[in-house]
There are 4 protein chains.
Amino acid sequence: MPRKPDIAQQLLDSALSLFAERTYEGTQMPAVAQRAGVGVGSIYRYFPSKEALGNAAFQYAKRGLLDQLNDALVEGGPVHTVREEFGRFWLGFTRYAGSAHDAFVFLEHQQHDTFLAPESQALAVEVDRVASDFIERGQRSGEIRDGDPQQLVALAIGAFTGLVKHLRPGGIGKLSPASLKVAEDAVWDLLHRKADS
Amino acid sequence: MPRKPDIAQQLLDSALSLFAERTYEGTQMPAVAQRAGVGVGSIYRYFPSKEALGNAAFQYAKRGLLDQLNDALVEGGPVHTVREEFGRFWLGFTRYAGSAHDAFVFLEHQQHDTFLAPESQALAVEVDRVASDFIERGQRSGEIRDGDPQQLVALAIGAFTGLVKHLRPGGIGKLSPASLKVAEDAVWDLLHRKADS
Amino acid sequence: MPRKPDIAQQLLDSALSLFAERTYEGTQMPAVAQRAGVGVGSIYRYFPSKEALGNAAFQYAKRGLLDQLNDALVEGGPVHTVREEFGRFWLGFTRYAGSAHDAFVFLEHQQHDTFLAPESQALAVEVDRVASDFIERGQRSGEIRDGDPQQLVALAIGAFTGLVKHLRPGGIGKLSPASLKVAEDAVWDLLHRKADS
Amino acid sequence: MPRKPDIAQQLLDSALSLFAERTYEGTQMPAVAQRAGVGVGSIYRYFPSKEALGNAAFQYAKRGLLDQLNDALVEGGPVHTVREEFGRFWLGFTRYAGSAHDAFVFLEHQQHDTFLAPESQALAVEVDRVASDFIERGQRSGEIRDGDPQQLVALAIGAFTGLVKHLRPGGIGKLSPASLKVAEDAVWDLLHRKADS
DNA sequence: TATGAATGAGGATTCATTCAT
DNA sequence: AATGAATGAATCCTCATTCAT
């Protein structure tokens with residue numbers, strides 16, 4: 001069993017946390033190496049350049065979020081209501097932001113960033129697609145308010161991101177179940193079509 | 001008619017848009033100078049360092065947002081309902097993001113950033129304070145849902161930020177009044193306490 | 001009566017004192033202008049460049065020293081002994097270093113300096129020539145020790161320079177007549193051929 | 001056999017010779033790197049800034065001179081006369097200026113210079129102290145002329161410095177033993193109290 | 001294979017010089 | 001004629017990347 005993948009993994013984690021703290025541009029390769037506990041030179045055995053490391057970290061993080069979402073959507077068996085499905089999304093985001101706070105913050109800061117390869121950006125739309133598919137389904141069933149699905153996704157994910165960034169020091173894990181429930185309900189109401197509206 | 005005093009202003013605008021596009025760390029001084037239409041050396045006539053420019057830009061932007069909010073809260077005379085007051089906030093944010101898209105994006109990216117002086121960070125809490133005062137008032141009157149006011153502010157401003165970032169190329173000005181209304185209602189429902197809840 | 005020569009003079013004095021304090025290379029044009037009480041731009045009305053100013057200052061200082069020496073050698077009428085002639089030299093150096101401390105220090109620091117034009121360097125050998133002529137005459141009359149005249153000049157002027165630099169803050173004017181006499185005798189003994197030697 | 005630890009040394013030597021030639025302020029870091037045979041970046045691996053390099057070079061040079069003096073004073077066994085002790089000083093200075101011409105010239109140019117840290121200046125008074133102790137001893141024994149010891153030191157070291165600077169291209173090593181003897185005697189006579197004086 | 005010292009292109013900043021007022 | 005704001009080449013310094021060990 002090789003140790004190599006281990007090192008690459010540590011490098012990705014190190015990079016992700018530093019990028020979240022100080023920005024991709026503001027992070028130096030020696031700092032990444034140090035936090036990963038390896039020598040600078042070793043980074044280049046796993047990633048050909050800083051840009052490559054940045055993209056790998058981005059893709060690793062996005063894929064992690066995507067996996068977490070898929071797991072949450074599948075694991076408890078089929079969902080019966082739109083609200084229930086929203087709960088699954090919420091669970092996926094919550095778990096991911098809980099276990100990979102840095103990665104989540106990093107992801108939400110990147111958007112149009114110069115170092116992102118097309119491949120990374122392609123991956124970025126995946127989460128949006130999954131989310132807006134859900135919105136569209138909810139709109140068809142009348143339970144989610146009308147409007148551009150992408151725009152609603154932006155509002156909802158933006159709200160969640162705001163929450164996570166607000167919780168910075170402790171991370172979302174520090175939040176009491178009650179507070180988390182308040183937030184979940186609030187975001188659901190952001191999307192939910194009210195009966196008399 | 002002297003154009004000179006405008007140079008500091010042009011530099012702030014240039015810096016703001018570049019910081020929004022490429023990050024503070026990812027922006028080079030020559031790029032700031034070029035976009036401002038001046039020579040590199042001129043930057044240092046107005047700001048002693050890149051860090052000082054970053055802080056000045058941040059404070060200028062935050063103050064602009066604060067002013068816009070105050071204007072919106074005051075201008076139409078006294079408000080009579082919490083919903084109406086929320087509308088004023090929405091108007092303030094909307095106007096600011098419309099007229100200073102870059103500045104708004106820049107502000108929302110900075111949080112814990114390394115270059116921000118204490119003075120800048122002090123200004124940053126001001127907006128939060130104004131907003132959470134509103135939330136608390138709404139909670140007392142029963143129209144805004146229970147929960148940590150700061151957390152609700154984070155959710156609401158996060159949602160708005162998500163919208164603005166989603167609209168990146170065109171800016172919020174491109175949005176139809178109808179779409180804007182959908183967004184406003186959605187964010188209100190994020191905060192609003194439902195009767196039967 | 002034009003004011004111009006006045007300004008050029010102030011600029012030379014300002015430059016000389018700054019060069020003595022901080023080195024030619026370490027002195028900025030705005031500092032020269034400020035100490036002279038004029039705007040930066042005005043320097044260039046009198047001197048085409050920093051290098052030209054440096055050379056003008058050097059030549060002005062060297063010429064001042066030369067004039068002082070000539071005056072001292074001539075003014076009291078003809079000299080009758082080598083020791084008496086040495087006294088005249090001492091008087092010239094002393095007066096110059098007393099009235100133009102900065103200029104003297106500046107002169108002794110320049111030697112091989114990059115900014116000195118050939119013309120300036122030509123002027124620099126003039127003092128040496130006057131001094132070594134004196135040494136040679138003294139050697140012929142048996143009152144000054146044997147050895148390379150240039151080398152003896154270097155020793156004697158070096159000693160005087162050491163004294164002046166040592167006296168930096170107050171300048172040589174601060175020295176009591178007695179102390180000055182000690183120094184004069186010491187330097188004379190440096191040159192003087194002892195009877196039994 | 002590693003050459004690495006030598007890099008700091010090569011940098012000090014390179015810096016010293018350039019500072020002597022062109023002044024601290026007039027010397028560029030790339031020039032220091034080039035003469036030391038390393039890349040610019042390497043300088044900063046050994047010295048945090050140009051100022052630090054300047055101070056390190058100064059201290060290295062002063063310490064070298066001090067060591068040379070101590071060696072010369074000790075090595076030949078105890079001295080029996082003041083003249084003999086002077087000979088030891090002369091030997092120390094001569095050896096140092098011979099083996100480290102650039103360093104000696106550099107030292108004598110720095111005095112009150114802007115980049116010198118207090119620590120460097122503290123070291124600078126050390127040589128003066130050693131020298132004036134000698135002068136005082138000589139005065140007590142009646143062999144050195146009366147007067148402020150510091151002032152006599154300034155005259156004597158100034159004379160030696162004048163000699164060394166005069167010899168610039170070849171250095172003091174080029175001087176014939178006879179010429180060197182002339183100089184030594186001359187400087188001794190500068191200090192020596194004449195019987196009938 | 002892993003390392004970190006060495007490198008030099010690139011970024012922040014300074015400063016001699018120009019030129020509109 | 002005098003000024004000092006504006007400029008950009010030149011300077012100090014950083015940091016992604018290489019390579020000898």
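Sequence lines set the chain letters: A, B, ... in the order given, protein chains first and strands last, and positions in each chain run from 1. As the structure is a computational prediction, the values presented were derived from the model and not from experiment.
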Does any non-hydrogen side-chain atom of B:Leu123 lie less than 4.5 Å from one of B:Glu119?
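In short, these two side chains do not touch, never coming nearer than 4.5 Å.
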Decide yes or no for C:His101 and C:Lys165: does some side-chain heavy atom of the first lie under 4.5 Å from some side-chain heavy atom of the second?
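SC-SC contact between C:His101 and C:Lys165 ruled out.
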From the list [options], which nucleotide is the closest neighbour of the side chain of [X]?
X       : options               : answer
D:Ser42 : F:dG4, E:dA6, F:dA2   : E:dA6
C:Gln28 : F:dA2, F:dA5, E:dA16  : E:dA16
A:Val38 : F:dA5, E:dT3, E:dT13  : E:dT3
B:Tyr44 : E:dT14, F:dC13, F:dT7 : E:dT14
D:Ile7  : F:dA6, E:dA6, E:dG4   : E:dA6
D:Met29 : F:dC12, E:dA16, E:dA6 : F:dC12

Watson-Crick or G-U counterpart of [N], or none if no pair lies under 3.5 Å:
N      : result
F:dA9  : E:dT14
F:dT21 : E:dA2
E:dA9  : F:dT14

Please figure out whether B:Val40 or A:Val40 has its closest DNA chain E nucleotide nearer the 5' end.
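Looking at the nearest nucleotide for each, A:Val40 comes out on the 5' side.
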5'-most contact on DNA chain E: C:Thr27 or D:Gly37, nearest heavy atom basis?
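On the 5' side of the pair lies D:Gly37.
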Working to the nearest 0.5 Å, report the span between CZ of B:Arg45 and CG of B:Leu11.
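One gets 12.5 Å once the value is rounded to the nearest 0.5 Å.
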Just how far, in rounded Å, is [atom2] of [N] from [atom1] of [X]?
X       : N      : atom1 : atom2 : value
D:Arg45 : F:dT18 : CZ    : C1'   : 13 Å
D:Lys50 : F:dT14 : NZ    : P     : 15 Å
A:Ile43 : F:dA16 : CD1   : P     : 9 Å
A:Phe47 : F:dT18 : CZ    : C1'   : 18 Å
C:Gln34 : F:dA2  : CD    : P     : 19 Å
A:Asp6  : E:dA2  : CG    : C1'   : 15 Å
D:Arg22 : F:dA10 : CZ    : P     : 15 Å
D:Gln10 : E:dA5  : CD    : P     : 17 Å

Contact under 4.0 Å: A:Tyr46 side-chain N or O vs E:dA2 OP1/OP2
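It does, given that an N or O in the side chain of A:Tyr46 lies less than 4.0 Å from OP1 or OP2 of E:dA2.
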Taking the cut-offs as 6.0 angstrom to the six-membered ring centre and 45 degrees off its axis, would you call D:Lys50 and D:Tyr24 a cation-pi pair?
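Yes, D:Lys50 sits over the ring of D:Tyr24.
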Less than 4.0 angstrom from a charged side-chain N to a carboxylate O is my criterion; do A:Glu21 and A:Arg35 meet it?
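Yes, this pair counts.
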DNA chain F: 5'-proximal contact among C:Gly39 and D:Tyr24 (nearest heavy atom):
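Here C:Gly39 is the residue nearer the 5' end.
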Reading DNA chain F from 5' onward, which residue's closest nucleotide shows up sooner: D:Glu25 or A:Glu51?
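The 5'-side residue here is D:Glu25.
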Neighbour count above 12 (heavy atom, 6.0 Å) for B:Phe47 CZ
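Yes, CZ of B:Phe47 has more than 12 neighbouring heavy atoms, counting only those of other groups under 6.0 Å.
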